[in-house]
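All chains are named by letter (A, B, ...) in the order of the sequence lines, taking the proteins before the strands, and each is independently numbered beginning at 1.
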Amino acid sequence: MYKSKTCGELTARDVGKTVTLAGWVHRRRDHGGLIFIDLRDRFGLTQVVFNPQTAPDAHRVGSDVRNEYVIQVTGVVEKRPAGQENHALATGEIDVHVTAAQILNAARVPPFVINKNEDVDDALRLTYRYLDLRRERMLKNLTLRHRVVKFMRDWLDARGFIEIETPILTKSTPEGARDYLVPSRVHPGKFYALPQSPQQFKQLLMVAGYERYFQIARCMRDEDLRADRQPEFTQLDLEMAFVEQDDVLNLVEELFTALVKQVAPERTMQTPWRKFTYDEVLDKYGSDKPDLRFGMELTNVSDIAANSQFAVFKNALAAGGQVKGICVPGCADYSRRETDELIEIAKAKGAKGAVTMALRADGIHSPASKHLTPEEQNAYVERLGGQVGDLLLFVADQPKVVGDALGALRKELGARLKLADPNALAFAWVVDFPMFEWNAEEARWDAAHHPFTSPKPSDMHLLDTDPGAVRANSYDMVCNGYELASGSIRIHSRELQAKIFSLLNIDEERQRARFGHMLEAFEFGAPPHGGMAPGIDRFVAILASEDNIRDVIAFPKNQWAQDLMMHAPSDVDADQLQLLHLQIVHPESQAQYGLDKP
RNA sequence: GGGGGCGUGGUGUAGUUGGCCUAACACGCGGCCCUGUCAAGGCCGAGACCGCGGGUUCGAAACCCGUCGCUCCCGCCA
């Protein structure tokens, strides 16, 4: 070993000991005589002192080193002179008086500052990720991530779950997200796919009788990136047999409640978690993953507007629509430009506009005032609980448009006005999702969650008559405006599964080709089962107060799915392609082959 | 595929109603001084044709057009 102690463990109890430390030069303070170096390793910082009088050779080494040099020092732990302690440092009571030192490796001047947590261009951070990872921020985040995963493993293990790995090379399922494909060398023209999730495998493990399975599972989806979406990400994938919806929910709620108490005890959390139906959250928040750290709920005023002479409201209601509003605290003095901006947000979500009502000390100011009676205006104010100083926003349209528009405004204004307590974790369940969504483009029903989700028994009779009204045994876990997990109770009957496939427009032949193994498995004694899959990257990002999941992933991709450090994706040799029976047709030359651009 | 934001020494920013910019500040970097600092201090110094290309103008970091890169969002994410 190059070291006898780490840089994070020496205290006053170690005074007098001779120790050897090794690490990186975090910071160097050269007094001409004495040199102080904060030596860094993963475990902390220790101040080492070079004295030219007592150890001239070592002092010469101390003079030569620069930031980020890797050095090894041997010396004696001494108590710092009274008043010279550094209370910001765990090892601040002592320092190590160096008797011998050597440079293990020199370092170029780094492209950005390692010893400070200052914002650096993301592309530069990703290009030199191994340097970025040296910084305290990333070390903290990855350590937190480790603790989260460790807790999950231990907690589930203690409850009889076992962790089982499932294949990374598997089969393409064209439903859902785009697959990452891997060409087969042995089978010309055939491809594996990387898993979008271990969904089918975990269900088959239930058929196999494992009853309680989990996996820290990597999932890959070839879709465009966002701050909370990477092409590969990690889920706590879990599945249980002989359970109903509440069994899964209770278990996961217990797990996360205990987890937060353990790894982030300073965060506040409301327990038990709130529970909404899908219809309720859309009605109240205009989103299926609302940030519940603040109110500003969507309030229906259709009944008041029913008697209105205001054409915007009247026409929307006549067309079967609704009128809803939100009360934005303290924004009555918004300028025309600011309210126009808000109206643009509503328009971007398909609304024709938004009606503003500013509640100022001298009365109500609204572009719609001349169309509204004072009684009507007062009724709106009262319904929304508006106070002087508030700004009311109304949208009149079909329910989906109203929800989308006001939901977007609520989200934007919540962020702008900093309404959310950054220390709070507002967990909630959303249940009773619809089973199907109408795909207008393809003129068919799509699975809202996935095709293995079971319908609610109470809605089973609607499958043939009104698929759009069927609710599923599926549920989401949301937190602070993020969807943290989805899950469902699965289908375990062959007949029902085949029926759902058919409703999803998958004919019998394709059922056999794509999902024959699932249907067959259900013929061999499949138990009732269900589960869910919380996203670990998103959860850790929330705990770490990071806006982008990149900051809780060691080696993430940039927005164009590139690894700027490894330079992936990259060209491959012609031989490699030949071996895989592949030929590349670049987009610019597709036209000459008579192919459409993708 | 579409929309917004950003791009100025190694890093982070200022400058952006065209002229005082021969581009400022902090950190970092190099040298010298300095024996208790810990964001050490003091002095000196190097380092940027302002992402790139074109244009407007007597004059462009700034305005216009194009382009590239990064980023956020919409679409997409069973």
Side-chain angles (χ1 to χ4, degrees), chain A residues 26-39 45-54 59 66-68 78 80-89 91-92 95 97 108-128 131 173-179 196-197 199-200 219-231 233 341 344-345 348-350 404 408 411-412 415 433 435-437 439 441-442 444-453 472 474 483 486 488 500-501 504 506 514-515 535 547-548 550 558-560 562 564 597-598:
Chain A
H26 188 64
R27 215 175 257 123
R28 181 173 158 277
R29 293 175 292 279
D30 187 342
H31 285 230
L34 291 181
I35 297 172
F36 298 94
I37 286 178
D38 294 335
L39 191 64
L45 289 177
T46 297
Q47 174 166 281
V48 298
V49 187
F50 297 80
N51 188 321
Q53 249 137 47
T54 59
H59 183 266
R66 294 293 181 266
N67 283 350
E68 300 308 313
E78 292 190 16
R80 294 194 186 185
Q84 295 297 334
E85 302 86 359
N86 182 347
H87 300 291
L89 230 52
T91 60
D95 44 28
H97 288 246
R108 281 165 52 191
V109 175
F112 51 85
V113 187
I114 309 285
N115 59 25
K116 274 198 302 192
N117 283 320
E118 113 185 320
D119 272 337
V120 178
D121 178 65
D122 281 315
L124 195 64
R125 291 177 61 198
L126 292 175
T127 303
Y128 294 96
L131 297 180
T173 51
E175 292 79 12
R178 269 184 294 272
D179 286 317
Q196 297 177 26
S197 86
Q199 182 61 36
Q200 296 184 43
C219 306
M220 292 78 160
R221 296 178 190 174
D222 185 5
E223 296 293 346
D224 289 336
L225 287 78
R226 290 284 187 285
D228 62 350
R229 274 163 37 188
Q230 282 273 312
F233 59 100
E341 239 175 73
E344 280 312 311
I345 292 171
K349 291 291 174 184
D404 286 351
K411 187 176 169 187
E412 165 68 23
F433 278 76
M435 182 81 183
F436 305 104
E437 276 165 3
N439 183 334
E441 224 169 276
E442 311 272 342
R444 62 177 160 84
W445 293 102
D446 280 344
H449 183 46
H450 58 55
F452 310 109
T453 302
S474 73
E483 176 193 315
S486 293
S488 61
I500 297 299
F501 281 148
L504 293 170
I506 304 172
R514 277 186 212 157
F515 302 113
D547 294 331
N548 197 306
R550 273 201 302 258
N558 73 357
Q559 180 140 48
W560 299 105
Q562 297 161 306
L564 295 176
K597 285 201 172 188

Each nucleotide N or O in nucleotides 30-33 of chain B that has a protein N or O under 3.5 Å away: list the pair and distance.
from   : atom 1 : to      : atom 2 : distance (Å)
B:rG30 : OP1    : A:Arg66 : NE     : 3.1
B:rG31 : OP2    : A:Arg66 : NH2    : 3.4

> Of the candidate nucleotides B:rA78, B:rC27, B:rG75, which contains the atom at the shortest distance from the side chain of A:Ala447?
Replying inline: B:rA78
>> Categorize A:Asn548 for me: base, sugar-phosphate, or nothing, with a 4.0 angstrom heavy-atom threshold over every strand shown.
In response: sugar-phosphate
>> Quick check for you: among B:rA78, B:rU71, B:rU37, whose closest atom lies nearest to any side-chain atom of A:Leu126?
In response: B:rU71
>> Does B:rG36 have OP1 or OP2 under 4.0 Å away from a side-chain N or O of A:Arg29?
In response: no
> Rounded to whole angstrom units, what separation is found between the CG atom of A:Asn51 and the P atom of B:rU35?
Replying inline: 11 Å
> Say you pick atom P in B:rA61 and the same atom in B:rG54; how far apart are they, in whole Å?
Replying inline: 14 Å
>> I need the CZ-P distance between A:Arg28 and B:rC34, as an integer number of Å.
In response: 15 Å
>> In whole Å, measure the gap between the P atoms of B:rA62 and B:rU57 for me.
In response: 16 Å
I'd like a list of close polar pairs between nucleotides 45-50 of chain B and the protein, N/O only, cut-off under 3.5 Å.
none

>> Which nucleotide, if any, forms a Watson-Crick or G-U wobble pair with B:rC70, using both distances under 3.5 Å?
In response: B:rG5
>> If I take atom CD in residue A:Glu223 and atom P in nucleotide B:rA78, what distance separates them, rounded to the nearest angstrom?
In response: 7 Å
>> Please determine whether a side-chain nitrogen or oxygen atom of A:Arg226 lies at a distance below 4.0 Å from atom OP1 or OP2 of B:rC76.
In response: no
>> Partner lookup for B:rC21, please. Criteria are Watson-Crick or G-U wobble with both distances under 3.5 angstrom; report none if nothing qualifies.
In response: none
> Between A:His26 and A:Asn67, what is the shortest heavy-atom contact and its length?
Replying inline: O-OD1, 3.6 Å
> What about A:Arg229: does its side chain form a donor-acceptor pair under 3.5 Å with the base of B:rC77?
Replying inline: yes
> Nearest-Å distance, NE2 (A:His97) to C1' (B:rG36)?
Replying inline: 9 Å
>> With hydrogens left out and only the distance checked, is there a donor-acceptor pair under 3.5 Å joining A:Asn67's side chain and the base of B:rG28?
In response: no
> Taking atom P in both B:rA40 and B:rG15, what distance in whole Å separates the two?
Replying inline: 28 Å
> Across all strands shown, which nucleotide pairs with B:rA60 by Watson-Crick or G-U wobble geometry, both distances under 3.5 Å?
Replying inline: none
> Any idea which heavy atoms bring A:Thr453 and A:Ser474 closest together, and the distance?
Replying inline: CG2-CB, 3.9 Å
>> Strictly by Watson-Crick or wobble contacts shorter than 3.5 Å, is anything paired with B:rC34, and which nucleotide is it?
In response: none
> In whole Å, what is the span from the CD atom of A:Gln53 to the P atom of B:rU35?
Replying inline: 9 Å
> Taking the side chain of A:Gln559 as heavy atoms from C-beta outward, which of B:rC70, B:rU37, B:rC72 is closest to it?
Replying inline: B:rC72
> Any side-chain heavy-atom pair from A:Leu225 and A:Gln230 closer than 4.5 angstrom?
Replying inline: yes
>> Test your reading of the model: is there a side-chain donor-acceptor pair from A:Arg221 to the backbone of A:Gln196, 3.5 Å cut-off?
In response: yes
>> Is it the case that the base of B:rC38 and the side chain of A:Arg80 share a donor-acceptor contact (distance under 3.5 Å, atom types as modelled)?
In response: yes
> Contact class for A:Glu78 vs. all strands (heavy atom < 4.0 Å): base, sugar-phosphate, or nothing?
Replying inline: nothing
> Going 5' to 3' along nucleotides 5-16 of chain B, which nucleotides have protein heavy atoms under 4.0 Å from the base (write B), which only from the sugar-phosphate (write S), and which from neither (write -)?
Replying inline: -----SBS----
> B:rC38 and B:rC21: how far apart are their P atoms, nearest whole angstrom?
Replying inline: 36 Å
>> Tell me if the side-chain of A:Gln47 makes a donor-acceptor pair with the base of B:rU37, cut-off 3.5 Å, by modelled atom types.
In response: yes
>> Between B:rC50 and B:rU8, how far apart are the two P atoms, rounded to whole Å?
In response: 11 Å
>> Going by purine N1 to pyrimidine N3 plus the second Watson-Crick contact, or the G-U wobble pair, all under 3.5 Å, which nucleotide sits opposite B:rA26?
In response: B:rU11
>> I want to check something: taking the side chain as every heavy atom from C-beta on, are A:His97 and A:Thr54 in contact at a cut-off of under 4.5 Å?
In response: no
> With no angle test and no hydrogens, is the base of B:rC29 tied to the side chain of A:Arg108 by a donor-acceptor pair under 3.5 Å?
Replying inline: no
> A:Arg125 near the nucleic acid: base, sugar-phosphate alone, or nothing, with a heavy-atom cut-off under 4.0 Å?
Replying inline: nothing
> Rounded to whole angstroms, how far apart are CZ on A:Arg178 and P on B:rA78?
Replying inline: 11 Å
> Considering only side-chain heavy atoms of A:His31, which listed nucleotide, B:rU35, B:rA39, B:rG1, is closest?
Replying inline: B:rU35
>> Say we look at B:rA46 and B:rG53: how far apart would their C1' atoms be, to the nearest angstrom?
In response: 30 Å
>> Please report the distance, rounded to the nearest Å, between CD in A:Glu68 and P in B:rC27.
In response: 19 Å
> Whole Å only: how far is the CG atom of A:Asn117 from the P atom of B:rC27?
Replying inline: 18 Å
> Under 30°, 30 to 60°, or over 60°: which ring-plane class applies to A:Phe501 and A:Phe515, parallel, tilted or perpendicular?
Replying inline: parallel
> Between A:Pro52 and A:Pro451, which is nearer to the 5' end of RNA chain B once each is assigned its nearest nucleotide?
Replying inline: A:Pro52
> When rounded to the nearest Å, what value does the distance between C1' atoms of B:rC34 and B:rC44 take?
Replying inline: 15 Å
> Taking atom C1' in both B:rG75 and B:rG19, what distance in whole Å separates the two?
Replying inline: 46 Å
> Which residue lies toward the 5' end of RNA chain B, A:Glu437 or A:Leu89, if each is placed at its nearest nucleotide?
Replying inline: A:Leu89
> Should the pair A:Asp224-A:Arg226 be classified as a salt bridge under the 4.0 Å nitrogen-to-oxygen rule?
Replying inline: no
